[in-house]
Amino acid sequence: MRPIFALVDCNSFYASCEQVFDPRMRDRPVIVLSNNDGCVIARTAEAKAVGIKMAEPFFEQEELILKHDVQVFSANFTLYGDMSNRVMETLRQFAPRMEVYSIDEAFLDLAGFRGDLAEYGRKIRSTVRRWTGIPVSIGIGPSKTLAKVANRIAKRDAEQRGVFDITDRPDAGELLDRIEVGDIWGIGRRYAKLLNRHGIYNARQLRDAPDKFVRQHMTVMGLRTVTELRGEPCIRLDDVTHDKKNLMSSRSFGRPVRERADLEQAVAEYASLASEKLRRQQSLASLVHVFVETDSFRDGPQYRNFATVGMAMPSSYTPDLIRAAHQGLDRIFRPGFDYKKAGVMVSEVVPAATVQLDAFGRDGGVTVKRSVMRAMDAVNARMGRNKVFYAAQGTDKTWGMRQKRLSKRFTTDWDQIPTVKA
DNA sequence: TCTGGGGTCCTAGGACCC
DNA sequence: TCTGGGGTCCTAGGACCC
């Protein structure tokens, strides 16, 4: 059966989430900032129209923001994660198979669908809007890459009303003419530049480029993209969830940090977050990597370093990871620097079920540790994140991130559910 | 004053083995 | 003087994604 993919993509997702819970924000320029209120990571069409740039620093755009009364929010990932689940659950009803590709995107498998695909797309779109409040755009095509292209057209051309089907279009060539090569899924800045140097500027030119040229300059990955542009699918729909092979937890600090004690707290906090992520996917890790770095945007002495610490047995037990992270920090901490960021990554991740006994048949206390963690996760799930935590994480957290414009956790915390006044 | 935080895959080259 | 040929594993770096 001929594959047909639909790519459903939420429009300016984080900003849309904020609009759902605050009707005053509808039809207004709204933006959402990255952690630490650093960069713009989402903007509504209205914000784009007044010239707000994506991924650019917030402080550089403050003038524009004041002038156009742009509404600004700190990132509220708890809210976005929950809204994402609602959107995905809604989408699931429209296709036998679905791949959740990112927090705001999913591929649907529409192979074998009989009827008008674009019409079906519009039905999906209006249902998601009605059930979750989130606007989406939908691209439909014979390969994932072409579904992505169609999605761009759906977003760009207002007359498509948010849905575009590129399958069996006799004018596919002209449509691809209007897609810049750098806007193709899989073609980043570097490849776009390289292709431009060789006279390839749009999707049609890339589609028609010789295999040998593509293979030589862009490896097999590039060749896959080109094949997909030709309408021959080679990236399959992947509907099983894979365990992450690496898990990272890192943050920039709200202020420069000099004291070792503060770094120890921060690193403990990140190790604890990494442990939680491991437990959520029922995995254990045996390597813990710690890194610290100064602020490269500022003058002054710069330092960055990382250390890797192996644990005796794979673990997801928070104190094990905190201990390893502190060992790593011991190795790389140098006094006298203004640190801006630190992080903890874990690797050599294995499923928890495969845990081995040591040579003496002991389980290293795994059973006890597991019940402690289960209890802690249960309390935190119910009462709110970090209600129970380790003292090493610190209680004052003066290094914590700036989030001046945080919305409430409308959907995941009983105390913050919106109320309607009669 | 203020510049995010995650992930994946592929390739080339070196170490090492037989 | 002649100076093999494969294979595997690991790592660093480069590209991409959201």
Peer 1: Base, sugar-phosphate alone, or nothing: which one does Asn35(A) contact when heavy atoms must sit under 4.0 Å apart?
Peer 2: sugar-phosphate

Peer 1: Within this structure, what is the CD-to-C1' distance between Gln403(A) and dC2(B), rounded to whole angstrom?
Peer 2: 15 Å

Peer 1: Side chain to side chain donor-acceptor pair (under 3.5 Å): which pairs involve residues 197-208 of chain A, sequence neighbours left out?
Peer 2: Asp177(A)-Arg204(A)

Peer 1: Checking side chain to side chain donor-acceptor pair (under 3.5 Å) between Thr318(A) and each of Arg323(A), Arg279(A), Gln393(A), Lys369(A), which is the one that passes?
Peer 2: Arg279(A)

Peer 1: With the side chain of Ser249(A) defined as its heavy atoms from C-beta on, choose the nearest nucleotide among dG7(B), dG6(B), dG4(B).
Peer 2: dG6(B)

Peer 1: Between dC18(C) atom C1' and Phe13(A) atom CZ, what is the distance in whole Å?
Peer 2: 12 Å

Peer 1: For Met401(A) and dG6(B), give me the distance from atom CE to atom C1', rounded to whole Å.
Peer 2: 13 Å

Peer 1: Is there a donor-acceptor pair closer than 3.5 Å between any side-chain N or O of Lys148(A) and the backbone N or O of Ile184(A)?
Peer 2: no

Peer 1: Has Asn380(A) got a side-chain atom pairing as donor or acceptor with Val388(A)'s backbone, closer than 3.5 angstrom?
Peer 2: yes

Peer 1: Applying ring pair (Phe, Tyr, Trp, His ring centres under 6.0 Å) as the test, list every pair that has at least one member in residues 14-46 of chain A; sequence neighbours left out.
Peer 2: Tyr14(A)-Phe77(A), Tyr14(A)-Tyr80(A), Phe21(A)-Phe410(A)

Peer 1: If you measure from the Lys or Arg side-chain nitrogens to the Asp or Glu carboxylate oxygens, is any gap between Arg178(A) and Glu174(A) under 4.0 Å?
Peer 2: no

Peer 1: Classify Asp37(A) by what it touches in the nucleic acid, base, sugar-phosphate, or nothing, heavy-atom distance under 4.0 Å.
Peer 2: nothing

Peer 1: Here's a test of your reading of the structure: between Lys404(A) and Ser34(A), which maps to the more 5' nucleotide of DNA chain B?
Peer 2: Lys404(A)

Peer 1: Grab the N/O contacts between the protein and nucleotides 9-12 of chain B below 3.5 Å, and write none if there aren't any.
Peer 2:
unit_1	atom_1	unit_2	atom_2	d
dC9(B)	OP2	Lys245(A)	NZ	3.1
dT11(B)	OP1	Arg215(A)	NH2	3.3

Peer 1: Within residues 182-197 of chain A, find the residues that approach DNA chain B with a heavy atom at under 4.0 Å, and present them sorted by residue number.
Peer 2: none

Peer 1: Is the distance from the ring center of Trp185(A) to that of Phe107(A) below 6.0 Å?
Peer 2: yes

Peer 1: In whole angstrom, give me the gap between the C1' atoms of dG4(C) and dC16(B).
Peer 2: 16 Å

Peer 1: At 4.0 Å (heavy atoms only), tell me whether Arg255(A) reaches a base, stays on the sugar-phosphate, or touches nothing.
Peer 2: nothing

Peer 1: Nearest of dC18(C), dG6(B), dT3(B) to any side-chain atom of Arg251(A)?
Peer 2: dG6(B)

Peer 1: Take the protein atom NZ of Lys244(A) and the nucleotide atom C1' of dC18(C), then report the distance between them rounded to whole Å.
Peer 2: 11 Å

Peer 1: Which pairs of donor and acceptor atoms, one on a side chain in residues 335-342 of chain A, lie under 3.5 Å apart (sequence neighbours left out)?
Peer 2:
unit_1	atom_1	unit_2	atom_2	d
Asp338(A)	OD1	Arg258(A)	NE	2.8
Tyr339(A)	OH	Arg334(A)	N	3.1
Tyr339(A)	OH	Arg334(A)	O	2.6
Lys340(A)	NZ	Phe253(A)	O	3.1

Peer 1: Can any side-chain N or O of Gln71(A) pair as donor or acceptor with the backbone N or O of Asp69(A) at less than 3.5 Å?
Peer 2: yes

Peer 1: With distance as the sole test, does Arg26(A) use its side chain to make a donor-acceptor pair with the main-chain N or O of Gln19(A) at under 3.5 Å?
Peer 2: yes

Peer 1: Checking the side chain of Ser16(A) only, and the main-chain atoms of Asn11(A) only, is there a donor and an acceptor separated by less than 3.5 Å?
Peer 2: yes

Peer 1: List in chain and number order the residues that pass side-chain hydrogen bond (donor to acceptor under 3.5 Å, both in side chains) with Asn196(A), two or more places apart in sequence or in another chain; answer none if no residue qualifies.
Peer 2: none

Peer 1: Could you work out which one of dC18(C), dG6(B), dG4(B) sits closest to the side chain of Lys148(A)?
Peer 2: dC18(C)

Peer 1: Less than 6.0 angstrom from the centroid, inside 45 degrees of the normal: does Lys123(A) satisfy that with respect to the ring of Phe113(A)?
Peer 2: no

Peer 1: For residues 37-56 of chain A, dump all side-chain donor-acceptor pairs below 3.5 Å to protein atoms at least two apart in sequence or in another chain.
Peer 2:
unit_1	atom_1	unit_2	atom_2	d
Asp37(A)	OD1	Ser74(A)	OG	2.7
Asp37(A)	OD2	Ser74(A)	OG	3.4
Asp37(A)	OD2	Lys404(A)	N	3.0
Arg43(A)	NH1	Ile52(A)	O	2.7
Thr44(A)	OG1	Arg28(A)	O	3.3
Thr44(A)	OG1	Val30(A)	N	3.0
Thr44(A)	OG1	Glu46(A)	OE1	3.3
Thr44(A)	OG1	Ala47(A)	N	3.4

Peer 1: Determine which bases of DNA chain B form Watson-Crick or G-U wobble pairs with both distances under 3.5 Å, and write the result as a 5' to 3' dot-bracket string with | for other-strand partners.
Peer 2: ....||||||||||||||

Peer 1: Between Arg92(A) and Arg97(A) (side chain of the first, backbone of the second, donor and acceptor by atom type, cut-off under 3.5 Å), is there such a pair?
Peer 2: no

Peer 1: Distance check needed: dG6(B) P versus Ile103(A) CD1, whole Å only.
Peer 2: 13 Å

Peer 1: Could you name each residue pair satisfying salt bridge (charged side-chain N to carboxylate O under 4.0 Å, His left out) that touches residues 282-295 of chain A, not counting sequence neighbours?
Peer 2: Glu293(A)-Arg304(A)

Peer 1: At a heavy-atom distance below 4.0 Å, what parts of residues 42-81 of chain A sit against DNA chain B?
Peer 2: Pro57(A), Phe59(A)

Peer 1: Which of residues 288-299 of chain A sit near DNA chain B, with a heavy atom under 4.0 Å from it?
Peer 2: Phe297(A), Arg298(A)

Peer 1: Can you run down the ring pair (Phe, Tyr, Trp, His ring centres under 6.0 Å) pairs that involve residues 30-76 of chain A, sequence neighbours left out, and say none if there aren't any?
Peer 2: none

Peer 1: Map Asp243(A) and Ile41(A) onto DNA chain B by nearest heavy atom, then report which one ends up closer to the 5' terminus.
Peer 2: Ile41(A)

Peer 1: Just call it for Leu33(A): base, sugar-phosphate, or nothing, with non-hydrogen atoms closer than 4.0 Å on any strand.
Peer 2: nothing

Peer 1: For a quick test of reading the model: is some side-chain N or O of Asn246(A) closer than 4.0 Å to OP1 or OP2 of dG6(B)?
Peer 2: no

Peer 1: Nearest-Å distance, CG (Asn151(A)) to P (dC17(C))?
Peer 2: 15 Å

Peer 1: Counting only N and O atoms by type, is there a donor-acceptor contact under 3.5 Å from the side chain of Arg251(A) to the main-chain atoms of Asn35(A)?
Peer 2: no

Peer 1: Whole angstroms only, please: what is the CE-P distance between Met248(A) and dT8(B)?
Peer 2: 11 Å

Peer 1: Between C1' on dT3(B) and NZ on Lys341(A), what's the gap in Å once rounded to a whole number?
Peer 2: 11 Å

